[in-house]
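To start, the structure itself, in structure tokens.
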Amino acid sequence: MKKSLIALAVLAASGAAMAQSSVTMFGIVDAGVGRVSADNSVTGVYNSGNATSRLGFRGVEDLGGGLKAGFWLEGAIQNDTGTGAGGGATGPGFEFKRRSTLSLMGNFGEVRLGREMTAGYEKPSSYDPFGQVGVANFLGFGIAGQPFRIGNGVSYRTPGNLGGFFGTVHYAFGETPSNAAYDKAGNYLGLAGGYENGPLSVTLAADKLRGATAPQDVTTYSIAGSYDLGVVKPIFIYHQEKNNAAVQTKYATYLIGLTAPVGPGTVKASFANLDLKNSGADSRVLALGYVYDLSKRTAVYGTIAHMQNKGGATRVLASNGLTGATALPGENVNGYQVGIRHSF
């Protein structure tokens, strides 16, 4: 009888612990066939044409009194070749470089420690109709060196009960020795905020990354918004990047796009303009795509994109696993992809 009571007590305690915490494995596998053509062409199987292929683990523990602790470990995968990837770039093996954070959450908001998307990139880039992946992704971010993700960071996010208003503050330590020639190298500061309620979503963001030297510091500004009309959702992004060099590199880019529900899927379209100041090396990209939902977790999709380079511009369209095409100065580039995406 005594042993039975002890066993019941252990089971009750473990059941309470399980009710207060959870761990989830999640992921996306995305692959297809595509082609990019300009001066030369590349055709083949790619990954991450509609959403980045990934594998991750996340968990939350209820600490009581409205306080929770959580972790998030997520890495990109190159499922077309079976290799691992770090934050979108091919690596020697699987790495949690998309996100690896530990959090405390409560009525005050959320504090994170570790590696994650930068505040100046995360929300503005989310307005891209093509999700910053595939041959149609908006090329305006990161041109002058804006970081997409950064480690050694501390961030704070406001709670979700502020009447639609939100904000993020993100700081990362470059961990450069104090006796270095430029002891601010690698430091990062990002701010983002906006309003998201009902059909309206608006975001303002800015960040600064310290380079190896002061002239290599990169500063960015972004404004983005969308309004869901039901039959169509128009989208706008404006993004500017510049460094501090004596002959400054400065880009001003914008995107006008839309998404619209059509049948069991979504039509996507965008027009983007990349303007390199004090230069004629500019580019324009027109893209159109359709995502057909086979279920809540599986979809097939197709995308076509056309890039018009001007002046000395030699930019190309590219998708993960489908790179290597080159363009002559001022040459147009075409790309297409047809693929399937499954999430779990």
Parallel under 30°, tilted from 30 to 60°, perpendicular over 60°: which one fits the rings of [X] and [Y]?
X: Tyr121; Y: Phe148; answer: parallel
X: His239; Y: Phe141; answer: tilted
X: Phe96; Y: Phe94; answer: perpendicular

(message) Do Ile340 and Tyr292 sit in one hydrophobic cluster, given that two such residues count as connected whenever their side-chain heavy atoms are within less than 4.5 Å of each other, even indirectly?
(response)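 Yes.
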(message) Check for me, please, whether Val333 and Leu139 land in the same ILVMFWY cluster - side-chain distances under 4.5 Å, paths through other members count.
(response)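 Same cluster.
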Shortest non-hydrogen separation from [X] to [Y] and the atoms involved:
X: Ala299; Y: Asp293; answer: CB-OD1, 3.6 Å
X: Ala144; Y: Val218; answer: O-CG2, 3.2 Å
X: Phe138; Y: Tyr254; answer: CE1-O, 3.8 Å
X: Phe26; Y: Phe57; answer: CE2-N, 3.6 Å
X: Gly120; Y: Asp207; answer: CA-OD2, 3.3 Å
X: Thr326; Y: Asn40; answer: N-OD1, 2.8 Å

(message) Is there a salt bridge (charged side-chain N to carboxylate O under 4.0 Å, His left out) between Arg115 and Glu74? Walk through the geometry before answering.
(response) CA-CA 10 Å; Arg115 177 181 174 85; Glu74 180 182 333; over 6 Å; no
Keeping [X] on the side-chain end and [Y] on the backbone end, is there a donor-acceptor pair under 3.5 Å?
X: Ser103; Y: Met105; value: no
X: Arg149; Y: Arg98; value: yes
X: Thr101; Y: Arg112; value: no
X: Asn187; Y: Phe173; value: no
X: Ser319; Y: Leu322; value: no

(request) Could you tell me the separation between the OG1 atom of Thr253 and the CG atom of Asp275, rounded to the nearest 0.5 Å? (result)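 These two atoms lie 9.0 Å from each other.
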(request) Answer yes or no on whether Lys233 is positioned over the face of Tyr127, meaning its NZ or CZ is under 6.0 Å from the six-membered ring centre and within 45° of the axis. (result) no
(message) Is there a salt bridge (charged side-chain N to carboxylate O under 4.0 Å, His left out) between Glu196 and Lys123? Walk through the geometry before answering.
(response) CA-CA 11 Å; Glu196 199 163 43; Lys123 189 60 178 178; 3.0 Å; yes
(request) Look at Asp62 together with Lys68 and state whether they make a salt bridge at an N to O cut-off of under 4.0 Å. (result)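 Looking at Lys68 together with Asp62, the answer is no, because their closest N to O distance does not fall below 4.0 Å.
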(request) Answer yes or no: does atom CG of Asn107 have more than 12 heavy-atom neighbours from other residues, nucleotides or ligands under 6.0 Å? (result) no
(request) Evaluate whether atom OH of Tyr238 has more than 12 neighbouring non-hydrogen atoms of other residues, nucleotides or ligands under 6.0 angstrom away. (result)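 Yes, the 6.0 Å shell around OH holds more than 12 heavy atoms from other groups.
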(message) Could you check whether Tyr301 and Asp30, counting side-chain N and O atoms only, form a donor-acceptor pair closer than 3.5 Å?
(response)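 A donor-acceptor contact under 3.5 Å links the two side chains.
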(message) What I'd like to find out is whether the side chain of Asn152 reaches to under 4.5 Å of the side chain of Ile150, using heavy atoms alone.
(response)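 Contact flag for Asn152/Ile150 side chains = no.
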(request) Show the numbers, then the answer: is there a side-chain hydrogen bond (donor to acceptor under 3.5 Å, both in side chains) between Thr81 and Gln78? (result) CA-CA 6 Å; Thr81 61; Gln78 306 284 1; 5.7 Å; no
